[in-house]
Amino acid sequence: MRALTCFRSRIGEHTVPELPEVETTRRGLMPHLLGKTLRHIVVRNPRLRWPVPEDLGKRMSGQPVTGLERRGKYLLLGLPKGTVMLHLGMSGSLSLVDSKIPPGKHDHIDMVLDSGLNLRFNDPRRFGAVLWVEGDPAEHALLRHLGPEPLGEEFDGDYLYHISRKRKQAVKSFLMDSQVVVGVGNIYANEALFMGGIRPGSQAGRISRPRYGLLAQAVIKVLESAIEQGGTTLRDFVGGDGRPGYFKQSLQVYGRGGLPCLNCGAALKEIRLSNRSTVYCVQCQR
DNA sequence: ACGAAGCCCTGCAAGC
DNA sequence: TGCTTGCAGGGCTTCG
């Protein structure tokens with residue numbers, strides 16, 4: 001069995017898994033998981049955002065994987081008797097490794113498949129989560145109040161316009177609220193607001209319907225092109241073909257505070273908004 | 001009810 | 001060189 005490393009984290013070039021990264025991981029893992037049976041589970045370090053259930057192995061083992069879905073940034077590993085709900089937090093990653101490869105420092109969980117591959121959950125900062133859910137995962141407390149998928153039917157300018165009325169918070173905070181729309185993290189919120197020409201600190205309730213139309217289109221565009229290119233954190237993965245990530249090169253504002261705007265040349269301004277790094281162009285974003 | 005702040009955690013970079 | 005300090009951030013939780 002060749003050491004098929006589908007996604008393997010590389011230390012030192014850390015970026016946060018956002019929706020495109022989670023979706024890329026899902027698509028990459030899918031063909032190696034579907035229909036395979038979980039032989040055994042090793043919980044090496046149960047300390048994550050919430051403790052990994054002690055009986056996770058007992059719940060999971062012996063069952064075939066029937067699905068791998070995504071809700072926001074949560075991955076849902078479907079089994080006949082329940083669902084394993086995973087979140088990568090800020091530093092989590094899933095890799096497929098040969099089951100003989102010994103675990104590293106932050107490898108919390110191994111899920112060994114009957115194919116000989118091992119689905120390994122690694123998370124240095126432990127903001128991630130691995131939980132066992134019985135019944136409909138959509139009804140789970142962590143999922144039931146989530147807003148629509150940004151790439152789904154429900155999400156558009158009219159939707160944003162309607163639910164933003166009378167809201168005084170900054171539009172960037174509004175956009176990053178998972179009850180408004182899921183999966184828009186700090187990086188892509190910055191990028192989408194730049195693309196939509198909207199200043200991050202503007203009150204959400206004071207933005208017009210047409211401008212929300214532009215913003216919704218920008219969110220969709222930014223996420224779709226990131227998924228297309230394999231997600232920002234592809235540079236953190238050594239894919240099956242060893243191709244490094246490159247999407248970071250196409251980030252227009254995030255991480256570019258003080259540098260010239262790629263549209264007009266003015267120095268990009270960097271502020272803190274909801275305690276998150278916020279970069280925008282004072283010329284292009286009003 | 002809404003919105004802001006707090007907190008969890010480790011790796012890395014900068015400063016001394 | 002080796003310490004200390006600050007920063008990064010998703011998102012649940014608590015506070016105002």
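Numbered from 1 within each chain, the chains take letters A, B, ... in sequence-line order.
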* Looking only at side-chain atoms of A:Gln169, point me to the closest of C:dG10, B:dG3, C:dC12. => B:dG3
* Less than 4.5 Å apart, any side-chain heavy atom of A:Arg256 and any of A:Leu251? -> no
* Are any of A:His145's side-chain N or O atoms less than 4.0 Å away from OP1 or OP2 of C:dC12? -> no
* To do: Report the distance from atom CD1 of A:Ile163 to atom P of B:dC2, rounded to the nearest whole Å.
  => 11 Å
* To do: May I ask you to decide if A:Val184's main-chain N or O and A:Glu18's side chain share a donor-acceptor pair within less than 3.5 Å?
  => no
* Asked: Considering only B:dG11, C:dG10, B:dG3, which nucleotide approaches the side chain of A:Arg167 most closely?
  -> B:dG3
* Provide, to the nearest angstrom, the distance between the CZ atom belonging to A:Arg70 and the C1' atom belonging to C:dG10. => 15 Å
* Asked: Is the distance from OP1 or OP2 of B:dA4 to the nearest side-chain N or O of A:Arg272 less than 4.0 Å?
  -> no
* Structure fact -> Atom CZ of A:Phe127 and atom P of C:dG11 are separated, to the nearest Å, by 11 Å
* Structure fact -> Separation of B:dG3 atom P from A:Lys166 atom NZ, nearest Å, is 12 Å
* Electrostatic pair A:Asp110:A:Arg120 at N-O distance under 4.0 angstrom -> yes
* To do: For A:Leu88, answer base if it contacts any base atom (sugar-phosphate contacts may also be present), sugar-phosphate if it contacts only those atoms, and nothing otherwise; contact means non-hydrogen atoms under 4.0 Å.
  => nothing
* Asked: Do the side chain of A:Thr66 and the main chain of A:Pro64 share a donor and acceptor less than 3.5 angstrom apart?
  -> no
* Is there a donor-acceptor pair closer than 3.5 Å between any side-chain N or O of A:Ser178 and the backbone N or O of A:Leu146? -> no
* Asked: Can you find a side chain N or O atom of A:His87 that sits less than 4.0 Å from OP1 or OP2 on C:dG11?
  -> yes
* Nucleotide B:dA1, atom P - distance to CD of A:Gln179 in whole Å -> 12 Å
* Asked: Are A:Tyr188 and C:dG10 close enough that a side-chain N or O sits under 4.0 Å from OP1 or OP2?
  -> no
* To do: Report the distance from atom CZ of A:Arg47 to atom P of B:dC9, rounded to the nearest whole Å.
  => 8 Å
* Hey, does the side chain of A:Tyr212 reach the backbone of A:Ala204 with a donor-acceptor pair shorter than 3.5 angstrom? -> yes
* Given atom CD of A:Gln203 and atom P of B:dA4, what is their separation to the nearest angstrom? -> 10 Å
* Sugar-phosphate, base or nothing in reach of A:Phe174, heavy atoms under 4.0 Å -> nothing
* To do: Specify the residue among A:Lys105 and A:Arg49 whose closest nucleotide of DNA chain B lies further upstream toward the 5′ end.
  => A:Arg49
* Should A:Asn275 be listed as having a side-chain N or O under 4.0 Å from OP1 or OP2 of B:dA5? -> no
* Base, sugar-phosphate alone, or nothing: which one does A:Ser277 contact when heavy atoms must sit under 4.0 Å apart? -> sugar-phosphate
* A:Arg199 (side chain) donor-acceptor with A:Gln285 (main chain) under 3.5 angstrom -> yes
* To do: Give a yes or no on this: more than 12 heavy atoms of other residues, nucleotides or ligands lie within 6.0 Å of atom CD of A:Glu139.
  => yes
* Among C:dG9, B:dG11, B:dC8, the one nearest A:Met90 by side-chain distance -> C:dG9
* Taking the side chain of A:Lys73 as its heavy atoms from C-beta onward, which of C:dG11, B:dA4, B:dC8 lies nearest to it? -> C:dG11
* Asked: Base, sugar-phosphate alone, or nothing: which one does A:Arg126 contact when heavy atoms must sit under 4.0 Å apart?
  -> sugar-phosphate
* To do: Output the single nucleotide from B:dT10, C:dG10, C:dC12 whose closest atom is nearest the side chain of A:Arg125.
  => B:dT10
* Asked: What does the inter-axis angle of the helix from B:dC2-C:dG16 to B:dC16-C:dG2 come out as, five pairs per end, nearest 10 degrees?
  -> 50°
* **A:Leu19 CG to C:dG10 C1', straight-line distance once rounded to whole Å** => 13 Å
